[in-house]
Structures are given as structure tokens and as C-alpha cells.
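Data first, discussion second: the structure below is written as C-alpha cells.
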Amino acid sequence: MSIPTDHDSHAAATLGRDDRPVYDRGETVCVIGAGASGLVAVKNLREHGFAVDCYERETGIGGAWNWRHDRSPVYASAHLISSKPFTQFPDFPMPDSWPDYPHHSQVLSYLDSYADHFDLRPHVWFGTEVVRVEPADGERWDVTTRSTGGYGAERVQRYAAVVVANGHNWAPKTPMYEGLDEFTGQVLHASAYKDPAQLRGKRVLVVGGGNTGCDIAVEAAQQAARCWHSTRRGYWYAPKYLFGRPTDQVNDAMLALRLPLRLRQWLYQRTLRMTVGDVTRLGLPRPDHRVFETHPIANSQLVYYVGHGGITPVRDIVRFRRHSVEFVGGEQIEPDVVVFATGYLPRFEFLDPKLLGADGDGRPELYLNAFPRRQPTLAVAGLLQSDSGLFPLVHWQTVAIARWLRLRRDAPERSGSFQARVEADAGRRWHAADVEDSTRHWFEVAHVDYLRALQKALDELGVVA
Amino acid sequence: MTARDRVRIMRIRDWARPVPPARREVLHATPETDEGKPPVLFVPGFGHGAWAFAEHWLEHAAARGFAAYAVSLRGHGGSAAAPKATLRAYAHDVVQVAAGLPRQAVLVGHGAGALVVTRALARYPARAAVLLAPVLGDLGTVVTALRRNPVGTLPALVGGRLRLTRRQLFSRELPEPVARAYQARLGRAAARAQWQVLAHRAPEPPVGDPPVLVVGSPDDRVVPARALDRAAARYGHAPLLFPGMGHDLMLDARWREPIDAILDWLDKGASF
Ligand SMILES: Cc1cc2nc3c(=O)[nH]c(=O)nc-3n(C[C@H](O)[C@H](O)[C@H](O)COP(=O)(O)OP(=O)(O)OC[C@H]3O[C@@H](n4cnc5c(N)ncnc54)[C@H](O)[C@@H]3O)c2cc1C
Ligand SMILES: NC(=O)c1ccc[n+]([C@@H]2O[C@H](COP(=O)([O-])OP(=O)(O)OC[C@H]3O[C@@H](n4cnc5c(N)ncnc54)[C@H](OP(=O)(O)O)[C@@H]3O)[C@@H](O)[C@H]2O)c1
């Protein structure tokens, strides 16, 4: 199964687009990004017989998990929140010798061995940024690339299909507040937080109760002079271990019983009440929703440090003043540093959002978070936020993408029913629970609901030999 | 698409109850220069350890440019004891070692180790696979074993130890003392795993569509020729046969022939 993907074999420019030469890459598929999602896309497309050109703006693989990358959201202490069985690719396990929740540097080394093991690097053009992706004749795509940072000339190449795997945890979402510009303290988004030295000895306000906010609040409790943690609602703080086992494993043992959602919620809430206890006693707000209705928090230490006085819970911010911050209820504090751990927004700066069926807010409308309604040769990989790890989901998602492209190539007459399903189900949510309306939940899926739907799609797409 | 080809992606058991780790023995021989050939991982059958491949095949494969490895399944050879092991745990051991190799590996399973390999193939996209005198659990193999060696086979059916005779394992060409020494090194598989050879669900389909070769001997007194044909037919071709050899092709007197044939097949690049 040798496929000519040799970079030197790029065909001469025979086509043109607005006077620019366009190099025809034939049946080759273009993958944008060599983070976890891009790598697994390259591997699975190759396994299905496709030639692949992958573009990566950084000089190495790993995306978010490569903390040297300027857009990496990872900080020195970050450990996984999903335990190994939920985190690893289903056909390439993490080593037995690793802990339940590996450190971020281990995740990078895992992705490194994945790339080496499956010999993926020869298919990646590093230091090359995709600046435009435009539709061309025959449901093909013109992809414009250039050296990262804008040096050198642009180059346009035409591909049979494009898989976008540019990640969605790098463009900071920072809320606006009255008086924020006057505030004299330091303000940073969590994406710029790397090392606890940034907090040492300071009075720190952490905003946001996602996993990032909780992790940074815990670090501030250990390192800073003071730490306040502002959340605009109460959450369910799940520990990393329940009954001596990783919490997600315990949760899945319960899922295996196929109990109705309400019963699972009740059982899980009781379990948390019995193990973590009533957090309102410590001054944390009462959850305003049932468990599973917000993206799960996995953090054993937050509640502990609240109990030790290292973290002071505060409510939602009302406004900033020159030296202080005011919260709902009137409380005021004077922090030196404010860390906005308020999450990220998706960004596809190289693509007309309409091609992904995006609404006015910029939220794409895709089937299985991957297939746009009207662009059969365009797909997105990894635009998922799961209640468990991402890699297994994006693995099967890219297998589905590869099978879909193969079906279109080999048996186009049979591609109608899947296309109809894409059109009917684009934008559908794969989460039994009624998740809170917040941009952070745009791509939230429950792994079992999502994988069951994906199983159906794979069965349908697997028909072709 | 038949149910057999259907990849199953809901694996709650694997997620909620991952196989506990166990210390593993891996023996290896590496070629002097890296010619870019895929690494080969040998998986011994029940009762055998990695030593069975270290005897001849590892060095021979390395001499022909293949990095060669052999793993002892838990409870075998130099790996940690595991009296409660299941096929799932054995397959886990194989996939762990395969994924730890620098490049995509070829899996070669012998005897019931071939059954373990068929399971591992559903969890790891091997470059290629070789099923060597495979014991895949069909009734024919059991009936043959019972007929040829009732005293050694019967206890295994009730959770006891399977004792294969020298005549089942080796040809008469192998000198008696050598055969006796090998036989003395045989251990046993876990009772549950033995049971599972007889009563197991059909393996899930291989991932990554690897080419699969079946190799055996028509004179194997453990695996009847019909079983070889059936196994090969499942993967769409005929078995490669070495008449006159016993079940333990890697230890028997003419051990060179099958390994050369396997390496030739890999060199010809059925897949690469
Ligand atoms: C702090 C933190 C902790 C997390 N913990 C977990 C966890 O425990 N478990 C889990 O499963 N997930 C976790 N995640 C989610 C994490 O985002 C995913 O695991 C994974 O890294 C996503 O991979 P990706 O390839 O989709 O995106 P990324 O890793 O962001 O990779 C995208 C790649 O595309 C490249 N790129 C982008 N635009 C272009 C362009 N125009 N041209 C060329 N290249 C481009 C980027 O340089 C990057 O390398 C965590 C996320 C964060 C922020
Ligand atoms: N250790 C780890 O492995 C780890 C660590 C960090 C992150 N992650 C993962 O990375 C992803 C991103 O996590 P994240 O924590 O950075 O972001 P996130 O999950 O989007 O959380 C953002 C938090 O900020 C709050 N927020 C957003 N906008 C706000 C506003 N305008 N005013 C006040 N509060 C606001 C949100 O509140 P609402 O709930 O009200 O919207 C939420 O509490 C997640 O998938 C997460 O699991 C993993």
C-alpha cells in the first residue's frame, strides 16, 4: 500500500485562481493541524488508502499538549482529567507503567510516539500555516498556505477534500466588564498562564469554574498570598477518585447498566453528597442545575483548599474599579492579578463560516460535530468537548470521515442515504442531559450518546468493501 | 457487511474495568543495521514463554534485518504470575508490547497465542499478522487433542493443566533429549483462559485491515489440517504448510523453513 505522497512530486501548476497558479494535488486530502485530531486524521485517512498533506503552523506536533507552542493552553502543573482508558486512542494504548491521570508532558510524548509509530511526520508540512480554504470546481478545495508568521510567498493547492483539525481551545474568550480598562492590576487570560511563579506572593482573583479555573485556583491556594475564586453559578465538584477508582471509570460502570438519565443523575448526586458532602457549608454556591448539565469538573483539591481557607469563593463580577473588583451582593476585593479562566471560542479564520453552516454567533452546525450540511468534501475533526477524553471520540470520528470519503470515491451511487442523514441531523446534540446554555457547551457531548450515534454512522459507511 | 466485520466502538468494559497491569518479560534480538523493515512480535501459545522464540527465531529474524521480539503472556515464562488471567488480559499484554515498539509491528501468534493475536488485532492495527499452527478454539481441535492425548487433554477441560506429549509438539527428527528439555520448560495458562479457548465470542474484526498469513504443518498432532484450512479461509487464502513438522514449528528440528517463509512473505511486502 505505497502511496506517492512525496512532497517533491507536487504537480506543476496547471490551474489558476484569480491569476494565482493552483497546483493540483489530485485525490490527496488536506488536513489542517497536527495536534491530536490532525494526527489521528492523517493516520486513519492513510489507513483507508488516501494520500494526505497535513499543514501545521508550529514546528512540532502535539498542538495544545505541546506547551512550547505559543497558543498552547497548557500550564506547568496540568494533568489529565480523563483517566487513561478514556484518553488514549482505542488502537494505541498508553503504557501500563503510566499513572491513571498522566501529566501533560506525558501526553505530548504519547503523541510523539504515535506519530513515530505510524510514521506520520513525512506527511506533515511544519511551520506552514493555512491562510485560506476556498471551494473550487467539482466539490474540490483550493488551500492557500504560507510560512507561519507571514514570511515567504503564498502557495495555492487544490485538494479533493479538506479535514479541518485546528483545535478549539486556543482563542481566548474574555468577558467585558465595566471599568476593566481602568483597573491597574494585572489582567490575563488563562491561556497566558503557564507557571505558578506568575502568582507567587500575589493576591489573585481567578474567574471561571471550568477545569482551568479550578486548577489555577488550587495553584493560587498553594502559591499566592491570597486567592479568590469567582463563579457565576454553583457546580458539582467531582473528585478524581471515587471508591479508590478513577471517577470516570466508576461513572461508566454505572452507564453500562443503561439506567435512565434521571436515575443516574440522582445516584451520582447522592454519591457526591456522600463523598464530597455539602459544599455550601464551605461558602460555595449551591449548584443551579443537575449534575451532567454542565461540563464535568474533575478536581479533588478545590473543595479541600476552600476548606483550608486557601481559596475564598466569591460571586459573579459586577464591575472593576481602579484598584478593586466588585461582586454581586456588593463585596469588594483588591487583587494584584486577575486570571480569566473563562474558556475559549472556536475560530476558523481561514474559512468562510457559512461553509460550516455557522449561525450569527459563529457556532458551526455539523452532523456528529464533523460533517457540514452542504459540503460533502469538507469535514471538521476534534470539534468536540466530551464528558470524558477526546482522543477515542476523534479517532472514530476520523474513521467515519475516511469511510465517508472512501464511499464517495468508490461507490458514489451509494452515498445518498448518509448525505441525507447529514442534512437532517446537522446541529443535533449528542447529550441526553439538558446542558446549560453557554458557549462553553457548544460542542459538549456525552461520550456514550455520541459514540452510539457514531457507531450507526460507521455501520452505514462500512458497507463498501 | 456481516456482524463479523462490524467494528464495535462502545467498549464500556475496557473503559470502566481496564486490565490491571502485570510485569511482562520481553526478549528481543535487533539487526545490526536498520533496513526499515517492520518489527516482528512473537506471541507464544499457552504453556510456552518468550524463550520458545528466543531459541532460534529471534536471532534468525534479526539476521535477516527484522527487529524481533517475543513476549511472555502473563503467568508464562518470566512474566508475573497470573492465575486468574483471561484472553482479554493476554491480548492486552500483546497490544501493550506492540504499541511500545518504535514502528508498526507484525504480530505472529503460535497455538492459542494465535487466538490471542486475533483479539489483539481488534485493538492494534498491525502491519501484518501470522497465525502459526493456530488454536482458534474450534471443536475439531479439541476432538483431535482428546483422541491423540486423552490423559493430557482431559484435565484441561476441567480447569486442570494441559499436558502435551512430545509426539504432539515435535517431529521424530528432533533429538529425544532436546525434546525432553523443551517439554520440561512448559508451564500452563490460567484456567479461565483455557476455558475461553473453547467458549469465547468470535473476535472483533481486525482494525487497519492487515494481511494475515496462516502457517502450519499437516502433521501437527494438535491442530488438524482442516483447522488450518478453515483459519486460512477466514482471511481469504490457503495455509502455508510444512509437512513432517510437529506443533512447535519454532523449536522443531527444521525450524528454519517456516521462519524463512514468513520473513520472505514479509519481505515481498504483502502490505508494504
Ligand atoms: C488545559 C487543558 C486541559 C485539557 N485536558 C484534557 C484531558 O484531560 N483529556 C482530554 O481528552 N482533553 C483535554 N483537553 C482538550 C484538548 O484540547 C484535547 O485533548 C486536544 O488537545 C485537542 O486536539 P486538537 O488536535 O483538536 O487541537 P489542538 O491540540 O489545538 O491542535 C490544533 C493544531 O492545529 C494547528 N493549527 C491551527 N490553525 C492552523 C492553521 N491555520 N494552519 C496550520 N495549522 C494550524 C495548531 O498549531 C495546532 O497544532 C484539555 C484542554 C485544555 C485547554
Ligand atoms: N486538567 C485538565 O485536564 C484540564 C484543565 C483545564 C481545562 N480542561 C479542558 O479544557 C476545556 C476548556 O476548559 P476551561 O476551563 O478553560 O473553559 P470552560 O470549560 O469553558 O469554562 C469556562 C468557565 O468560565 C465561566 N465563564 C465563561 N464566561 C464567563 C463570563 N462572561 N462571566 C463569568 N464567568 C464566565 C464559565 O461559566 P458558565 O458555566 O456559567 O458558562 C465556566 O465556569 C474543557 O474541555 C476542559 O475540560 C482540562
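Residue numbers start from 1 in every chain, and the chains themselves are labelled A, B, ... in the order their sequence lines are given, proteins ahead of strands. Worth saying up front: this structure is predicted, and the values here are computed from it rather than measured.
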Taking the side chain as C-beta and beyond, is there a heavy-atom pair between [X] and [Y] under 4.5 Å?
{"X": "A:P90", "Y": "B:R11", "answer": "yes"}
{"X": "A:S388", "Y": "B:W15", "answer": "no"}
{"X": "B:M10", "Y": "A:V448", "answer": "yes"}
{"X": "A:D459", "Y": "B:R6", "answer": "yes"}

- So which of B:L101, B:V19, B:V95 has the largest heavy-atom pair count under 4.5 angstrom toward chain A?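 Of B:L101, B:V19, B:V95, B:L101 has the most heavy-atom pairs under 4.5 Å with chain A.
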- Looking at B:P39, B:A99, B:A22, B:P21, which one has more heavy-atom pairs under 4.5 Å with chain A than the rest?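 If we count pairs closer than 4.5 Å to chain A, B:A99 comes out on top.
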- Query: Is there any residue in residues 245-256 of chain A with a non-hydrogen atom under 4.5 Å from a non-hydrogen atom of chain B, and which ones are they?
  - Reply: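 When heavy atoms of chain B are the reference, residues 245-256 of chain A contributes A:R245, A:Q249, A:D252, A:A253, A:L255, A:A256 within the under-4.5 Å range.
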If you draw a 6.0 Å radius around [atom1] in [X], do more than 12 non-hydrogen atoms from other residues or ligands fall strictly inside?
{"X": "A:H295", "atom1": "NE2", "answer": "yes"}
{"X": "B:R13", "atom1": "CZ", "answer": "no"}
{"X": "B:W195", "atom1": "CH2", "answer": "no"}
{"X": "B:E35", "atom1": "CD", "answer": "yes"}
{"X": "B:D264", "atom1": "CG", "answer": "yes"}

- Query: Which one of A:P95, A:S97, A:P392 has the most heavy-atom pairs closer than 4.5 Å to chain B?
  - Reply: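 With the most close heavy-atom pairs to chain B, the winner is A:P95.
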- Task: Please determine, among A:F92, A:F86, A:W396, A:F118, the option with the most heavy-atom pairs under 4.5 Å with chain B.
- Result: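 So the answer, after comparing A:F92, A:F86, A:W396, A:F118, is A:W396.
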- Looking only at non-hydrogen atoms, find the nearest pair between B:Q96 and A:D96 and report the distance.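 The answer is OE1-N, 2.9 Å.
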- A:E47 versus B:G208, closest heavy-atom pair with distance: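 What the structure gives for the nearest pair is OE1-CA, 3.3 Å.
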- For B:A98, is it the side chain, the backbone, both, or neither that has a heavy atom closer than 4.5 Å to a heavy atom of chain A?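 Just the backbone, heavy atoms under 4.5 Å.
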- Query: Side chain, backbone, both or neither: which part of B:R17 has an atom under 4.5 Å from a heavy atom of chain A?
  - Reply: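 Looking at B:R17, backbone and side chain both touch chain A.
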- Task: For the pair A:H117 and B:Y124, name the ring-plane relationship: parallel under 30°, tilted 30 to 60°, perpendicular over 60°.
- Result: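 A:H117 and B:Y124: perpendicular rings.
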- So which part of A:K43 gets closer than 4.5 Å to some heavy atom of chain B, the side chain, the backbone, both or neither?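 Contact with chain B involves the side chain of A:K43 alone.
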- Message: What's the separation between atom CD1 in B:I9 and atom CG in A:L458, rounded to the nearest 0.5 Å?
- Response: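 One finds 5.0 Å between CD1 of B:I9 and CG of A:L458.
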- With sequence neighbours left out, which residue pairs that include part of residues 75-88 of chain B fulfil the side-chain hydrogen bond (donor to acceptor under 3.5 Å, both in side chains) condition?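 side-chain hydrogen bond (donor to acceptor under 3.5 Å, both in side chains) check on residues 75-88 of chain B returns B:D14-B:R88.
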